[in-house]
*Asks:* 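One structure, pasted below without further comment.
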Amino acid sequence: PKPAPCSGDCDEDGAVTVDEIVRAVNIALGTVGAETCVAVDTGGDGEVTVDELVAAVARALAGCGR
């Protein structure tokens, strides 16, 4: 079975990169839709909140821990 997606890992490659964090921030700002990175919208509400951004940055720093 495929592992659960890592918060912020838009392309599901097992790592959260700077461009994925930038995409998450753009979703939070409303400049792009949440469908561009569903992995960062852990609440599933179509929005990216500060806590979801923090979780994605933590994954960028610590890794996804597959």
Side-chain angles (χ1 to χ4, degrees):
K2 188 175 181 181
C6 177
S7 176
D9 182 14
C10 302
D11 60 7
E12 298 181 6
D13 68 351
V16 179
T17 59
V18 172
D19 65 307
E20 290 168 322
I21 296 296
V22 170
R23 190 179 322 173
V25 169
N26 283 322
I27 295 168
L29 293 173
T31 57
V32 297
E35 70 279 355
T36 64
C37 183
V38 296
V40 76
D41 179 20
T42 58
D45 60 1
E47 297 180 0
V48 174
T49 58
V50 172
D51 61 318
E52 290 168 326
L53 288 173
V54 170
V57 170
R59 289 285 140 221
L61 295 173
C64 287
R66 289 186 158 205

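None of these values were measured; they are calculated from a predicted model.
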*Asks:* Treat each ILVMFWY residue as a node, draw an edge where side-chain heavy atoms are under 4.5 Å apart, and state whether V18 and V16 are in one component.
*Replies:*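 Different clusters: V18 never reaches V16 through Ile, Leu, Val, Met, Phe, Trp or Tyr contacts under 4.5 Å.
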*Asks:* List the residues meeting side-chain contact (heavy atoms from CB on, under 4.5 Å) with V57, not counting sequence neighbours, and say none if there are none.
*Replies:* I21, L61
*Asks:* If you compare all heavy atoms of A34 against all heavy atoms of G46, which two are closest, and at what distance to 0.1 Å?
*Replies:*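 Heavy-atom minimum between the residues: CB-O, 3.4 Å.
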*Asks:* How does the hydrophobic cluster around V54 look, that is, which other residues are in it when side-chain heavy atoms under 4.5 Å mark a link?
*Replies:* V50
*Asks:* What's the shortest heavy-atom distance between A56 and G8, and which atoms?
*Replies:*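 Heavy atoms of A56 and G8 come nearest at CB-CA, 3.9 Å.
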*Asks:* Only pairs at least two apart or in different chains count here, so list each side-chain hydrogen bond (donor to acceptor under 3.5 Å, both in side chains) that has a residue in residues 34-44.
*Replies:*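 Non-adjacent pairs meeting side-chain hydrogen bond (donor to acceptor under 3.5 Å, both in side chains): T42-E52.
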*Asks:* Restricting to pairs with a member in residues 9-54, which pass disulfide (SG to SG under 2.5 Å), not counting sequence neighbours?
*Replies:* C10-C37
*Asks:* How would you list all residue pairs meeting side-chain hydrogen bond (donor to acceptor under 3.5 Å, both in side chains) that involve residues 20-29, not counting sequence neighbours?
*Replies:* T17-E20, N26-T31
*Asks:* Would you confirm whether D9, through its side chain, and D13, through its main-chain N or O, come within 3.5 Å as a donor-acceptor pair?
*Replies:*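 Yes; judged by distance alone, with no hydrogens or angles, the pair exists.
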*Asks:* Let me confirm one number: the CG-CG distance from L29 to L53, rounded to the nearest 0.5 Å.
*Replies:* 8.5 Å
